[in-house]
*Asks:* 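Please see the structure below; I have some questions.
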Amino acid sequence: MGLEFVSDFVFRISDLNFQVLMKTTINKLSECVGQEAELSGWVYHSRHSGKVAFIVLRDGTGLCQCVIEKGKVADDVFEQLIRLGQESSLVIAGVVRAEPRSPGGYELAVTAAQIICPTQDYPITPKEHGTEFLMKNRHLHLRSQRPWCIGRIRHTVIDAIRRFFNDNGFTLVDTPIFTAAAGEGEQTLFEVDYFGKPMFLSQTGQLYLECAAMSFGKVYCFGPTFRAEKSKTRRHLTEFWMVEPEVAYIDLAGLLELAENFVSGIVRRVLKDNRAELEALGADIATLEKIAPPFYRLTYTEAAQILTSERTVKFMAGQLETFKMQKTAIEKQIGDIEAAEKAGGLKQWQKDKNTKLLIDLRAELAELEIKIENNPRHAQLAAEFKWGKDLGGSDETIISLMHDKPVFVTHYPRAAKAFYMKTDRGNRKVVENFDLLASQGFGEIIGGSVREDDYQSLLDRIGEEGYKPEDYAWYLDLRKYGSVPHGGFGLGVERTVAWITGERHIRQCIAFPRMMDNVCI
RNA sequence: UCCCCGAUAGCUCAAUUGGUAGAGCGGGCGGCUGUUAACCGCCAGGUCGUAGGUUCGAGCCCUACUCGGGGAGCCA
C-alpha cells in the first residue's frame, strides 16, 4: 500500500518542526527524557476517553504508551489517531517522560504524528486465540508479545553460541546440506532429486566436521537439520537448528566440561540480556540462576539402576499423588466458579474473568489427566527397564525431574548407539558417549561422544552394522592418516530455547515451524 | 502406524432430555479528562466442517470423509 492510499490521513511532519526532533527507538527512550523524540512503529492497542487518548506503540524494540491530549494536538489529528485500528503503522513524536504506568517505564506526550497505513480488522485481537488460528496467521502472530519475547531470547541464544565458540578458538566450518546416503538411518532422511540421482537433506554435519577438526583442531558448524521421523510430539520438528562442535585431542571428561560451560554460558547470557522477556514469559528464573558447572554426571548403568530402584517407584507414586491432588484442587475451583455463576448477581467483568479462568483451568485439568494416565505406564516402563535398551523419552523425563540442574548420562550400551562412537577402554560393552538432559523434565538437549579413532575398530563396527566400508572410505582415511582422539556433540537450538523460556511446545521456538503434519505458512 | 478429543458469528466459547442458535471480545455509532485486555449504551454479524442417514423435528443421535489438537510408539 503506497502513500497515495492514505493521503487523506497524512499531515506534514515538516509543518511541525520535526527537524529538531530526535529519531529514536523505544528501548533508548531513557536517554531522551525531557526531550522531544520521534518513534516509528505500529499500534499495539489503544483506548480513549473524552479528551485523552492512549496509543500503546510497538516498534520492534519494546512497547511505549503515547498520550494524546485534545488541545495539545490539532483536533483533526486527535480524531484520526483515536480511530486507528490495531497494527496501524505511524510515525509519532512527543516529549519523553518517565511514567510507571507505561509498559516500558517511559511515555510520549504526543505533539505530532504521521499515519503511514491505517488498519482495520486486524485478525489477532488482545483476547484468546487457538493454536490453529495462530499458526495459520503466523505471519502476523510474530508481532505479538509472546513470539516476540521468544524470538529475542532465541536471538540471544544463537549469538551466545557463536560467541562462545568464536571466543574459545573454534573455527566455523559450514558443512553441506545435500548429502549422499551413507547407510545410517536412511528412513529418517528427506530424499531429494539431485539431477536425477537421489540425495538427502543433512541430519548432521558431524562426519564432515571430523575431517575439518583434523585441519583446524577445534571446529563447529551451525545450520538447519532435517529429520523425516514420523514423530508428532511437542519436542519434534522436521526442520530444526543444530550447532555441533568437534574437537581434536579431547576425551570424554573434556567434552563434558566443554558442554557444561557452553550451556551455562548460554543461560547466563539470556539472564543478562533478556530478563524482561523471561519475566514476561513466566520462565522459572530462580532455577535458571542455579545453572552453573558442574552438572550432575550419571553413567547409563547408574541411570538404569535408578529407574529400576525403589526410589523411582516412590518418586512416580509421589508424582501421581501430587497430580491427583492438583486435579482435585482444580476441580473444586471449577466447581466454585460454576456455582458462583449459577448463583447470579455477577458483574459482566467478573463473568469475563471467570470465563478466561475456566478456559485456563480446564486446559490445566486436561494436562493433568494426561499425566495421570501416562504415569503408571511410565512407571512400569522404568521398572521393567533392561540394561541394553536406549533410554526412552519417559525415562529421560523421570531422571531429569529428579534433578534441579542438567544431568549428563554417559556410557550407553554399544549396541544401542551409532557405529562411530568410541568403545570404552575399560568396558567393551559401552561407548564413550553422553546425553545432556535439561532440568525439569525438558529432556535431551545435547547428544555427543568421543569418536572411534582406531582404524580396525571402526572398520569392525561398520561391518557389524552391515554397512559397506567403501561408502565410508574417506571417513576411514581419517583413522589412517594422523588419527587422534577426538569428539564432539550437537545441541538443538529450539529445544534449548523451549527449556530456557519454559515454553511447553517447540513449535513456538522457531519463527516458521515445520512439523510432521503442519507447516504453518 | 495406533488411540483419544474437537470443528457453532472475524476470534474464544455456551446451548438442559432431540423442540425457534447465545455471550464476551473484535467491528460500527454515541458517551466519558490518566487509561492499562478500561468502562457504559445502541447497532450489524450464522447454510452449526463436508456428504449421507434416523426422526414429525437434528448443532445435539448414526455412518463416512476432511481439517485441527493431544497422547503412544519411534527418534535428537
Side-chain angles (χ1 to χ4, degrees), chain A residues 44-56 63 65-72 83 85-86 99-103 107 109 119-137 145 185 187-188 203-204 206 225-238 240-242 244 338 341 347-356 358-360 362-363 366-367 369-374 377-378 381 390-394 396 416-418 435-438 443-448 489-496 504-507 515-518 520:
Chain A
Y44 193 64
H45 52 246
S46 71
R47 307 171 288 284
H48 59 95
S49 64
K51 290 166 186 157
V52 157
F54 302 91
I55 290 180
V56 175
L63 296 177
Q65 173 167 283
C66 303
V67 187
I68 306 122
E69 286 184 79
K70 217 168 186 173
K72 301 221 170 137
R83 281 190 168 67
Q86 217 186 327
E99 171 54 72
R101 287 173 291 184
S102 175
E107 72 174 11
T119 298
Q120 295 302 330
D121 301 326
Y122 183 70
I124 300 175
T125 68
K127 294 282 171 176
E128 293 290 306
H129 296 287
T131 309
E132 184 186 3
F133 178 78
L134 290 175
M135 278 299 157
K136 275 189 176 147
N137 287 286
Q145 276 301 285
Q187 67 284 1
T188 68
Q203 57 175 0
T204 170
Q206 184 208 316
T225 298
F226 306 90
R227 305 269 166 107
E229 274 146 15
K230 298 203 167 159
S231 297
K232 208 184 123 177
T233 82
R234 65 179 73 165
R235 308 231 282 258
H236 288 84
L237 294 168
T238 55
F240 65 97
W241 286 68
M242 183 159 74
E244 296 173 271
E338 281 171 348
E341 294 268 329
K347 291 256 165 57
Q348 189 57 54
W349 67 269
Q350 289 172 309
K351 284 191 199 165
D352 278 3
K353 212 170 179 181
N354 283 343
T355 307
K356 166 75 163 49
L358 279 176
I359 291 170
D360 286 350
R362 285 189 184 127
E367 189 88 1
E369 274 165 0
I370 290 163
K371 283 182 181 169
I372 289 167
E373 191 192 320
N374 284 339
R377 181 171 35 241
H378 291 165
L381 278 171
D390 208 345
L391 245 49
S394 61
E396 289 179 353
K417 286 291 164 181
D435 281 354
L436 179 64
L437 309 182
E444 183 182 345
I445 57 171
I446 284 183
F489 59 84
L491 170 130
V493 169
E494 290 77 12
R495 283 189 180 180
T496 304
R504 62 182 287 286
H505 205 301
I506 198 170
R507 73 182 154 213
M515 288 161 298
M516 185 187 129
D517 285 338
N518 197 334
C520 76

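Each chain gets a letter, A, B and so on, in the order the sequences are listed, and its residues count up from 1.
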*Asks:* Specify the residue among A:Phe54 and A:His236 whose closest nucleotide of RNA chain B lies further upstream toward the 5′ end.
*Replies:*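 The residue whose closest nucleotide sits nearer the 5' end is A:Phe54.
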*Asks:* Taking only the C1' atom of each, what is the distance from B:U8 to B:G49 in whole angstrom?
*Replies:*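 Straight-line distance between the two C1' atoms is 10 Å.
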*Asks:* Atom CZ of A:Arg495 and atom CG of A:Leu237: how far apart are they, to the nearest 0.5 Å?
*Replies:*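 Here the interatomic distance stands at 9.0 Å.
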*Asks:* With RNA chain B as reference, determine whether A:Pro123 or A:Gln65 sits nearer its 5' end, using the nearest nucleotide of each.
*Replies:*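 Looking at RNA chain B, the more 5' nearest nucleotide goes with A:Pro123.
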*Asks:* Give me the distances for all protein-to-nucleotides 43-46 of chain B N/O pairs that come in under 3.5 Å?
*Replies:*
none

*Asks:* For A:Arg47 and B:A38, is the shortest distance between a side-chain N/O and OP1 or OP2 below 4.0 Å?
*Replies:*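 Checking A:Arg47 against B:A38: at least one side-chain N or O falls below 4.0 Å of OP1 or OP2.
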*Asks:* Indicate whether OP1 or OP2 belonging to B:C74 is found under 4.0 Å from a side-chain N or O atom of A:Arg235.
*Replies:*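 False: A:Arg235 side-chain N/O out of range (4.0 Å or more) of B:C74 OP1/OP2.
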*Asks:* Looking only at N and O atoms, is any donor in the side chain of A:Gln120 or the base of B:G26 less than 3.5 Å from an acceptor on the other one?
*Replies:*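 For A:Gln120, whose side chain was compared with the base of B:G26, there is no donor-acceptor pair (under 3.5 Å).
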*Asks:* Do A:Thr125 and B:C25 share a donor-acceptor pair, side chain to base, under 3.5 Å?
*Replies:*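 Check fails, no donor-acceptor contact within cut-off.
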*Asks:* Answer with yes or no whether the side chains of A:Thr204 and A:Glu244 bring together a donor and an acceptor at under 3.5 Å.
*Replies:*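 Yes - a donor-acceptor pair under 3.5 Å links their side chains.
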*Asks:* Could you tell me how far B:U35 sits from B:C39 if I compare only their P atoms? Round to whole Å.
*Replies:*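 Per the computed distance, 13 Å lies between those P atoms.
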*Asks:* Would you classify A:Gly392 as touching base, sugar-phosphate or nothing, given that sugar-phosphate means primed atoms plus P, OP1 and OP2, and contacts are heavy atoms under 4.0 Å?
*Replies:*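 Nothing: the residue A:Gly392, judged by heavy atoms under 4.0 Å, touches no strand.
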*Asks:* Just the atom pairs and distances: protein N or O near nucleotides 67-71 of chain B's N or O, under 3.5 Å.
*Replies:*
from	atom 1	to	atom 2	distance (Å)
B:G69	OP1	A:Asn518	ND2	3.1
B:G70	OP1	A:Arg507	NH1	3.4
B:G70	OP1	A:Arg507	NH2	2.9
B:G71	OP1	A:Arg234	NE	2.8
B:G71	OP1	A:Arg234	NH2	2.2
B:G71	O3'	A:Asn374	ND2	3.3

*Asks:* What distance do A:Ile55 atom CD1 and A:Gln86 atom CD have between them, rounded to the nearest 0.5 Å?
*Replies:*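 Answer rounded to 0.5 Å: 12.0 Å.
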*Asks:* In whole angstrom, give me the gap between the P atoms of B:G53 and B:C60.
*Replies:*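 14 Å, rounded to whole Å.
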*Asks:* In whole Å, what separates the C1' atom of B:G22 from that of B:G34?
*Replies:*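 Roughly 36 Å separates the two C1' atoms.
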